[in-house]
Trainee: 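Got a structure here, written out as structure tokens. Questions coming.
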Amino acid sequence: MNRQSLYSSIIAAFSIAVLLIIVQVVPAKPLLLLERLFPLGGWIQINIAIIYGALLCYKMQDRKERPKWRTRAWLLFSIVFFGQLLLGILVNPVFLMTGKLHLPVPAVILAGPLYRMEGLFMPILFLSTLLLSGPAWCSQLCYFGAFDAWSAKGKTDKKPFRYHRQLRYSVLFLVIAGAIILRLTGAEGWIATLAGIAVGLIGLLIMLLLSRRYRKMIHCSSYCPIGTLVSFMKYLSPFRVKLNKDCTHCMACLKACKYDALHKENIEKGKIGYTCTYCGDCLSTCKHGGLEYRFLRLRPTTAERLWIIITVVLHTCFLMIARI
């Protein structure tokens, strides 16, 4: 067992324990699902989370294994999230966070507060993740994106998606303008809900048609307005992924990038596209060590371990409270 990987797993496990114990002890109403279902269930769930987070952190240290474990964990998160949503609707509201239903479409994180002029919990949570781990929201924390990753599996088309800029900025504008117009016109809640559902359904169609065709996550990198915000706001975090002097321009990394962030023209200039989510999948294909994580003045390997620890801790805590 690699010593550094073991240390990282211990740090992740300790961090998860501290955060979830706070979640278990402080709120008056139980937030952990098992605590709602039976006495001492929350403490059992915390122990499950510690074991899960430590194992995932250890597996994510291996660059070759990281793409597999990242996508597995991400898909698990989405299944748990939407599974509990269905149970909350069909079986018992105890499976919902508040007993009230909110539309589980990423665009609503942006459009919802603009329409309601209230409800800042999700935007604050979203901004917090950007500060802590940069764009990890789009590679392991979003409840919608895992399905886009599943649709895009397979050999990636190396050519850039032709309509990337037109689609991403048009959708961002329409979502913001639509929410403001609905607010100003006093539209009823059911109209706003239908608009949100339409945005979500179009996103699913893009996953099934475009992401599957190009083997790239077109929904996340070119359609989702939250993904568009992440691609620019991620620079609030000190974390970066960069090409270094060891890059030979072999272009092997192109086939690993599902976010359309690696193109021949950019790599020849020593750059990575702004849609990069720091997922690290490309590192597994580079035989020359030409890609690296950076965080202030830390060594690249230390910066990489730190990013993995923070991202796994966030992912695990989100998983344990993955309810609407």
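Values below: all heavy atoms of this structure, side chains included; hydrogens, waters and symmetry mates excluded.
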Trainee: Side chains of T275 and D260: do they bring a donor and an acceptor to under 3.5 Å?
Mentor: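 Checked: T275/D260 side chains show no N/O donor-acceptor pair below 3.5 Å.
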
Trainee: Whether the side chain of T156 engages the backbone of K255 through a donor-acceptor N/O pair (distance < 3.5 Å, no angle test) should be reported.
Mentor: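 Flag set: sc T156 to bb K255 pair under 3.5 Å.
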
Trainee: Less than 6.0 Å separating the ring centroids of Y278 and F239?
Mentor: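 Not close enough - the centres of the two rings lie 6.0 Å or further apart.
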
Trainee: May I ask whether L19 and V25 are part of the same hydrophobic cluster, defined by side-chain heavy atoms of I, L, V, M, F, W, Y residues being less than 4.5 angstrom apart, directly or through others?
Mentor: yes

Trainee: Are any of the side-chain heavy atoms of L127 and L131 separated by less than 4.5 Å?
Mentor: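 The answer is no, as the side chains (C-beta and beyond) never meet within the 4.5 Å cut-off.
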
Trainee: Establish whether L208 and L201 are linked, either directly or via other cluster members, by ILVMFWY side-chain heavy-atom contacts under 4.5 Å.
Mentor: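 L208 and L201: separate clusters.
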
Trainee: On the 0 to 90° scale, with breaks at 30° and 60°, tag the F161-Y214 ring pair as parallel, tilted or perpendicular.
Mentor: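 Perpendicular, since the angle between the ring planes exceeds 60°.
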
Trainee: Give a yes or no on this: more than 12 heavy atoms of other residues, nucleotides or ligands lie within 6.0 Å of atom OH of Y169.
Mentor: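 It does: Y169 OH has more than 12 such atoms within range.
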
Trainee: Could you go through the side chain to side chain contact (heavy atoms under 4.5 Å, CB included) check for L34 and W43 one step at a time?
Mentor: CA-CA 8 Å; L34 293 187; W43 297 105; over 6 Å; no

Trainee: Using a 4.5 Å cut-off on heavy atoms from C-beta on, say whether the side chain of P106 contacts that of C142.
Mentor: yes

Trainee: Are Y223 and V105 in one and the same hydrophobic cluster, where Ile, Leu, Val, Met, Phe, Trp and Tyr link if side-chain heavy atoms are under 4.5 Å apart?
Mentor: yes

Trainee: To the nearest 0.5 Å, tell me how far W150 CH2 sits from S78 OG.
Mentor: 13.0 Å

Trainee: Restricting to non-hydrogen atoms, name the atom on L243 and the atom on G270 that form the minimum distance, rounded to 0.1 Å.
Mentor: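 Scanning both residues, the minimum pair turns out to be CD1-C, 3.6 Å.
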
Trainee: Any chance you could measure I16, atom CD1, to I11, atom CD1, to the nearest 0.5 Å?
Mentor: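 Those atoms lie 12.0 Å apart.
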
Trainee: M117, L182: one ILVMFWY side-chain cluster at the under-4.5 Å cut-off?
Mentor: no

Trainee: If I compare all heavy atoms of P135 with all of C276, which pair ends up nearest, and what's the gap?
Mentor: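 Heavy atoms of P135 and C276 come nearest at CG-O, 3.8 Å.
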
Trainee: Quick check for you: to the nearest 0.5 Å, what is the distance between I267 atom CD1 and E265 atom CD?
Mentor: 9.0 Å

Trainee: Are any side-chain N or O atoms of R212 and backbone N or O atoms of S151, one a donor and one an acceptor, separated by less than 3.5 Å?
Mentor: no

Trainee: Kindly compute the distance separating CD1 (I109) from CG (L114), expressed to the nearest 0.5 Å.
Mentor: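 It comes to 12.5 Å.
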
Trainee: Using the ring of each side chain (for Trp, its six-membered ring), is F144 parallel, tilted or perpendicular to H219, with breaks at 30° and 60°?
Mentor: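 Tilted.
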
Trainee: Does CZ in F173 sit with more than 12 non-hydrogen atoms of other residues, nucleotides or ligands closer than 6.0 Å?
Mentor: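 At most 12 heavy atoms, drawn from other residues, nucleotides or ligands, come within 6.0 Å of this atom.
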
Trainee: Between C220 and Y259, which heavy-atom pair has the shortest distance, and what is it?
Mentor: CB-CE2, 4.4 Å

Trainee: Which pair of heavy atoms, one from P225 and one from L110, lies closest together, and at what distance?
Mentor: CB-CD2, 4.4 Å

Trainee: Taking C-beta and beyond as the side chain, do E65 and K59 meet within less than 4.5 Å on heavy atoms?
Mentor: no

Trainee: Are any side-chain N or O atoms of K234 and backbone N or O atoms of Y274, one a donor and one an acceptor, separated by less than 3.5 Å?
Mentor: yes

Trainee: Without swapping roles, check the side chain of R294 against the backbone of R240 for a donor-acceptor pair under 3.5 Å.
Mentor: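 Looks like no, no N/O pair under 3.5 Å.
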
Trainee: Around R299, counting heavy atoms of other residues, nucleotides and ligands shown, do more than 12 lie under 6.0 Å from its CZ?
Mentor: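 No.
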
Trainee: Rounded to the nearest 0.5 Å, how far does CE of M320 lie from CG of L20?
Mentor: 7.5 Å

Trainee: Do Y52 and H315 get their side chains close enough for a donor-acceptor pair, meaning under 3.5 Å?
Mentor: yes

Trainee: Ring-plane angle category for Y143 and F81, please: parallel below 30°, perpendicular beyond 60°, tilted otherwise.
Mentor: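 Answer is parallel, since the angle falls under 30°.
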
Trainee: For R116, does the CZ atom sit with more than 12 other heavy atoms under 6.0 Å from it, leaving out its own atoms?
Mentor: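 Count over threshold, so yes.
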
Trainee: Looking only at atom types and distance, does a side-chain atom of Y115 sit under 3.5 Å from a main-chain N or O of V108, one as donor and one as acceptor?
Mentor: no

Trainee: Under 4.5 Å between any side-chain heavy atoms of F126 and V230, yes or no?
Mentor: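 Yes, close enough: below the 4.5 Å cut-off.
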
Trainee: Is a side-chain N or O of Q45 found less than 3.5 angstrom from the main chain of L33, in a donor-acceptor match?
Mentor: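 Checking the backbone N and O of L33 against the side chain of Q45, a donor-acceptor pair under 3.5 Å is found.
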
Trainee: Could you go through D281 and K258, starting from their C-alpha distance and side-chain angles, then the distance that decides it, and tell me whether this counts as salt bridge (Lys or Arg N to Asp or Glu O under 4.0 Å)?
Mentor: CA-CA 9 Å; D281 289 3; K258 296 295 183 181; over 6 Å; no

Trainee: Between the side chain of K216 and the main-chain N/O of S221, is any donor-acceptor distance below 3.5 Å?
Mentor: no

Trainee: Roughly how far, to the nearest 0.5 Å, is the CD1 atom of I180 from the CD1 atom of I176?
Mentor: 7.0 Å

Trainee: Evaluate salt bridge (Lys or Arg N to Asp or Glu O under 4.0 Å) for E304 paired with R66, printing each intermediate quantity in order.
Mentor: CA-CA 12 Å; E304 183 175 346; R66 188 181 307 165; 2.5 Å; yes

Trainee: Would S231 and R168 count as having a side-chain donor-acceptor pair, cut-off 3.5 Å?
Mentor: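 Indeed, the side chains of S231 and R168 share at least one donor-acceptor pair under 3.5 Å.
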
Trainee: Do T277 side-chain atoms and C138 backbone N/O form a donor-acceptor pair below 3.5 Å?
Mentor: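 Checking the backbone N and O of C138 against the side chain of T277, no donor-acceptor pair under 3.5 Å is found.
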
Trainee: If every non-hydrogen atom of A111 is compared with every non-hydrogen atom of V175, which pair is closest and at what distance?
Mentor: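 For A111 versus V175, the nearest heavy atoms are CB-CG1, 3.8 Å.
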
Trainee: Would you check if there is a donor-acceptor pair between the side chains of Q61 and Q4 at a distance under 3.5 Å?
Mentor: no

Trainee: Do V241 and E292 make a side-chain contact, defined as non-hydrogen atoms from C-beta onward lying under 4.5 Å apart?
Mentor: no

Trainee: When you look at L262 and C282, which way does the side chain to side chain contact (heavy atoms under 4.5 Å, CB included) test go after all the steps?
Mentor: CA-CA 9 Å; L262 293 172; C282 55; 3.8 Å; yes

Trainee: Can you get from Y7 to Y58 by hopping between Ile, Leu, Val, Met, Phe, Trp and Tyr side chains that sit under 4.5 Å apart?
Mentor: no

Trainee: Do the side chains of L291 and C253 get nearer than 4.5 Å, heavy atoms only?
Mentor: yes

Trainee: Is a donor on one side and an acceptor on the other found under 3.5 Å between the side chain of T316 and the backbone of V313?
Mentor: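 Pair absent, no side-chain N/O of T316 close to backbone of V313.
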
Trainee: Please lay out, stage by stage, how F82 and F77 fare under the test side chain to side chain contact (heavy atoms under 4.5 Å, CB included).
Mentor: CA-CA 9 Å; F82 285 102; F77 172 77; over 6 Å; no

Trainee: In the structure I gave you, are the side-chain heavy atoms of L85 and P104 within less than 4.5 Å of one another anywhere?
Mentor: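 Contact flag for L85/P104 side chains = yes.
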
Trainee: Does a side-chain heavy-atom distance below 4.5 Å link L254 with H263?
Mentor: no

Trainee: So which atom in P123 and which in P113 form the shortest heavy-atom distance, rounded to 0.1 Å?
Mentor: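 Of all heavy-atom pairs spanning P123 and P113, the closest is CG-CG, 3.6 Å.
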
Trainee: If only atom types and distance count, is the side chain of W74 paired as donor or acceptor with the main-chain N or O of S139 below 3.5 Å?
Mentor: no

